[in-house]
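What follows is one structure encoded as structure tokens, with my remarks underneath.
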Amino acid sequence: MKKEMYDYGFALLLTLVGLYALTNFYSYMDQYEVAILVGSVAGFSYMGIQWNRFKYFFIASFTLAFLSIFLYQGDLGQSESNFFLKYILSSQSAIMWMTALFPLALLIYWFYLFVKQEFYGSLATFMVWAASIFATAGLLIRWFESYLVDLDVGHIPVSNLYEVFVLFCLIASLIYLFYEEKLQTKKLGPFVLIVINAAVGFLLWYTLAKNADVIQPLVPALQSYWMKIHVPANFIGYGAFAVAAMVSVAYLLTGNGFWNRYLPPKEILDEMTYRLIAIGFIFFTIATILGAVWAAEAWGGYWSWDPKETWALIVWLNYAAWLHLRLIKGLRGNILAWWSIGGLLITTFCFLGVNLFLSGLHSYGEL
Amino acid sequence: MSSMRFAISMLSVVGLASIIGTVLQQNQPYESYIINFGQFWFELFEMLSLYNVYQATWFLLILFFLVASTSLCVSRNTPQVIKDIRRFQENIREESLKRNKYVSEISIKNFKKSDLVSLLKDMQFKVREKKINGEDDLIVAKKGDFQKLGYIFTHMAIIIISVGGLMDGNLVFKFKEAVGIKKIEMVDKPISEIAKKSWLETSNFSYRANMLLVEGESQDVGVIPVKDGYLIQDLPFSVALKDFKIEHYASGQPKSFESDLIVKNKKNGKVLNKKISVNKPLTVNGVTIYQSDFQDGGSKLNLNLIDLYSAEKPLAMKAAVFKHNILIVDDQKLNFEFEDFRLFNILDIGLEESKKPTNVGPNFRHKIRDVTGQAREYETYQHPMVIDGRYFFMSGMRNTPQEDYRYLRIPADAERSLEGFMVFKNLIRDRKKVTKATVEIARNSSEIKEVSRNLANNFQAIFDNFVSGGYNNIALNIDENVPDEKQEQVAGTYLKIIHLIADRLIVDFQNNNSTSSLFNFDDVSVFTQDALNGYSDSFFYGSNFWIELKDFEHIQASGLQLTKSPGQFWVYLGSIMLVLGIFCMIYIQEARLWIVRKKGSKKVTLAFASNREHLEFEKFVLDTKAKIKKFYLN
Ligand code: HEM
């Protein structure tokens with residue numbers, strides 16, 4: 001009974017926030033964006049109801065974001081003068097906190113794995129939650145800041161490599177946290193956090209070496225409501241594939257006497273890999289299709305064999321093959337685990353390599 | 001061919017071929033491939049159609065096999081799937097139930113058959129009841145049929161998507177080209193001269209054509225680039241461009257491209273006025289018109305050609321982008337070819353540290369081609385730009401398109417115009433004034449007449465040397481006539497002398513033209529130094545003329561794309577089916593349940609089965625069993 005009260009409360013809260021946004025910013029939105037807003041309220045409410053901790057995560061992130069907006073007082077210059085903005089609540093500092101917390105979580109997870117004291121496991125999990133909250137708040141604040149730069153510059157922060165790397169870290173960690181809770185094991189944290197921290201490393205390098213964190217206006221092709229759906233859907237796919245690959249690493253290690261003492265049983269790892277690839281696959285499919293629909297609207301054709309499109313197809317084919325082997329041939333074991341790790345390489349190339357090495361219509365986040 | 005192994009190998013080949021297409025940039029001009037790979041590899045790659053992998057016959061063939069294999073797979077498996085969905089497996093034998101992995105027994109007081117059936121129905125099972133051996137009860141229940149339909153959905157979807165894609169491919173043209181009805185045009189020529197063999201009719205089923213439309217003009221055909229040539233696509237309407245607009249962000253980056261179009265139907269003369277922009281296309285008669293890019297449409301430029309090495313009045317030239325102007329200089333015929341004009345140019349410059357993207361105003365590009373056919377390329381900005389806190393007019397030159405531009409910087413005068421430099425270059429080439437200046441400077445340095453006359457002559461010689469070839473000349477001169485160890489010192493002195501004379505010339509000019517404010521600088525000698533540098537660099541500029549842009553009429557051309565894509569509907573339909581299908585396959589738990597109760601027995605036997613028996617299914621079995629147990633406890 002009590003849980004239900006909270007559930008309704010959460011859904012109500014989200015509805016109110018949604019209504020607030022709708023009444024205040026309606027004139028800036030087109031009908032699709034209204035639909036996206038309504039869909040998001042419904043989707044996040046559902047997630048909160050299904051997953052209790054998501055509620056707290058969501059409320060914490062939004063509270064931080066609103067606090068920041070309040071502190072800004074409509075003036076971007078505040079990020080230099082206001083203490084809280086400067087060190088915690090401007091998007092850049094929030095994201096910096098994220099980049100500090102993830103490595104910390106990694107260290108504590110490994111410590112936990114060998115020491116086996118629940119306290120450290122919980123601490124590491126807490127760190128991941130905190131990092132996720134900072135990532136979410138950072139993105140939300142950045143969204144707001146982009147409007148402070150100029151009203152017509154404002155856009156959802158999923159438009160360049162810097163922003164999507166934060167998104168990647170966030171989504172991968174949420175996916176991991178969900179399964180950690182569901183499968184009641186924190187022993188995969190040490191592995192999953194490796195891939196997240198690799199992304200964090202890239203993000204830091206990219207920020208420092210290339211000043212990538214500057215908010216840039218959108219080129220005309222990106223000015224579409226499609227961006228709000230296509231990019232996040234893609235990154236749920238990427239995130240799930242990345243986590244799956246790390247679970248596969250753990251899978252390959254079990255069976256070795258030493259690691260057996262530390263890792264969950266093989267069946268659980270196998271099942272988890274399948275679940276992750278399945279969910280990644282469905283989102284990646286949707287994202288690729290939406291990408292095609294968007295391309296039809298922006299570039300004049302739903303498929304142009306642009307390098308990004310082509311690599312998305314390759315990633316998709318790869319996981320389709322994986323699913324076939326597992327479901328039809330009933331294949332299990334090391335081959336699939338290696339395959340899923342290889343899948344991460346292909347995915348990484350699609351995500352990053354295409355931007356680094358190939359040129360095409362998609363070259364928005366070049367180095 | 002319907003085997004999984006075949007399908008997977010085909011998928012791998014598609015994957016590999018696609019990779020080639022992303023690594024080797026597609027549909028580039030063939031010359032650039034020749035330059036990159038050399039003749040041998042170029043020809044080999046061309047033979048394999050690697051420059052248009054995705055249109056290559058072999059690639060389409062593989063796709064075809066993939067579709068065929070999937071179709072076979074679907075047609076072979078579908079009857080079985082449908083049978084499975086219909087079938088309840090009521091005739092299962094007791095022994096095989098006992099061997100079931102998920103079999104268990106529950107103690108009961110009485111069977112409550114009809115209540116049990118409705119409980120199962122509440123749990124989303126489909127239920128069938130039966131007597132076995134004439135007296136025992138069997139209940140067969142199953143759920144999750146959609147999971148199996150998912151297989152049909154996904155695989156049908158793939159077939160539909162591929163067929164949609166093939167509809168929009170160029171198979172029909174490939175066929176017509178092969179039998180000689182159609183031919184790719186390889187030479188750039190006016191549309192009216194293009195042979196009918198290279199035209200595609202309005203009835204053409206599917207195409208993606210381009211159109212470059214100049215403001216105020218109208219066109220009724222599109223151009224389809226194919227391999228190294230192109231085809232002309234006749235359209236069912238004509239398109240006129242009323243206006244093309246680019247909007248910019250405050251920082252100068254482009255914010256939107258908009259074309260104001262008038263589309264007129266060829267058959268019934270109906271006219272449609274509509275604005276399109278990126279992400280907001282327009283569909284007319286099944287053809288969708290997209291804003292894709294833009295270009296100059298032949299802007300008119302009013303130019304002044306200023307001869308850097310003569311005091312004559314500038315030459316006025318009326319030019320237009322894409323047009324050629326011929327000029328005879330020293331009996332040499334020079335062809336001025338104007339290539340582009342841009343109203344906005346965003347560069348990363350600014351005052352001191354605050355470098356950020358800034359609009360530096362219009363520029364134009366032109367080539368100067370001599371009689372031998374050699375051409376240099378130039379890029380000239382209209383307004384001065386701030387560099388190191390001072391204003392310079394900039395014009396870049398390069399000898400080949402592969403090079404970067406090297407910029408000639410001409411300092412702006414105190415009024416930010418070119419005028420000051422023009423005065424300056426006339427002054428330094430004016431023998432009389434230079435002589436006067438050298439004499440005065442020499443007199444100031446020595447009282448003795450003889451010495452000062454000598455000095456003046458020397459000064460004059462150095463200066464002449466500079467005027468006729470810049471610092472480079474001075475360096476050559478020193479190299480020849482001064483011993484190595486003294487060269488540096490002498491060079492320093494020479495530079496000082498040149499600067500001194502130039503300064504003097506400007507001061508004299510100011511004294512004689514007291515109303516002129518051209519040189520009202522805080523420190524005019526900075527200007528003089530920049531002007532000397534500019535003059536000296538001009539000897540590497542490859543042209544006697546600085547071209548000043550007086551004014552212009554900006555004419556733009558909008559790049560449109562015209563797409564007819566009947567396959568799109570099928571691709572989208574297939575996509576929806578694909579997503580639904582995958583969803584069914586992954587998220588619907590397929591399960592069967594048999595419940596047997598021997599006559600009069602105090603026990604029921606439960607047996608579960610599924611085509612996916614993983615952990616999730618085990619959980620489902622436990623849940624279901626718990627519910628049934630609870631049912632019997634009450
Ligand atoms: C273009 C080629 C193909 C693609 C992209 C493709 C894609 C898929 C996908 C996405 C699934 C769903 C996997 C899941 O449950 O998550 C699937 C399942 C399946 N595919 Fe394919 N497929 C292709 C060709 C084939 C061929 C040629 C066969 C024939 C042997 C085949 C047989 C199956 C079967 C039997 C299933 C699973 C049915 C089940 O166990 O429920 N597929 N396929």
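Naming convention: chains lettered A, B, ... in sequence-line order (proteins, then strands); numbering from 1 in each chain. Just so it is clear, the structure is predicted and the values come from calculations on it, not from any experiment.
Using a 4.5 Å cut-off between heavy atoms, A:Ala296 contacts chain B through both its backbone and its side chain. For a residue to count as touching a neighbouring chain, one of its non-hydrogen atoms must lie under 4.5 Å from one of that chain's; by this rule A:Val214 does not touch chain B. When heavy atoms are compared at a cutoff of 4.5 Å, B:Gln561 approaches chain A solely by way of its side chain, counted from C-beta outward. Of the two parts of A:Asp150, only the side chain, counted from C-beta on, holds a non-hydrogen atom closer than 4.5 Å to a non-hydrogen atom of chain B. At a 4.5 Å heavy-atom cutoff, B:Ile289 makes no contact with chain A through either its backbone or its side chain. In this structure, chain A has heavy atoms under 4.5 Å from both the backbone and the side chain of B:Ser18. Proximity to chain B involves both the backbone and the side chain of A:Trp305, based on heavy atoms less than 4.5 angstrom apart.
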Side chains of residues 336-343 of chain A: which donor-acceptor partners sit under 3.5 Å, not counting sequence neighbours?
| from | atom 1 | to | atom 2 | distance (Å) |
| --- | --- | --- | --- | --- |
| A:Trp339 | NE1 | A:Asn318 | OD1 | 2.6 |
| A:Ser340 | OG | A:Ser248 | OG | 2.6 |

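Considering only heavy atoms from C-beta on, A:Tyr32 stays 4.5 Å or farther from A:Trp226 through its side chain. At a threshold of 4.5 Å between non-hydrogen side-chain atoms, the residues A:Phe351 and A:Phe235 count as touching.
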For the pair A:Trp51 and A:Phe178, evaluate ring-ring contact (aromatic ring centres under 6.0 Å, His included) and give the outcome as yes or no after the intermediate values. CA-CA 8 Å; A:Trp51 184 16; A:Phe178 179 77; 5.1 Å; yes
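Listed by chain and number, the residues in a side-chain contact (heavy atoms from CB on, under 4.5 Å) with B:Gln589 are B:Ser610, B:His614, B:Glu616, B:Phe617, B:Phe620 (sequence neighbours excluded).
The choice from B:Ser575, B:Gly15, B:Gly567 that makes the most heavy-atom pairs within less than 4.5 Å of chain A is B:Ser575.
For A:Leu345, the CG atom sits in a packed shell: over 12 heavy atoms of surrounding residues, nucleotides or ligands are nearer than 6.0 Å.
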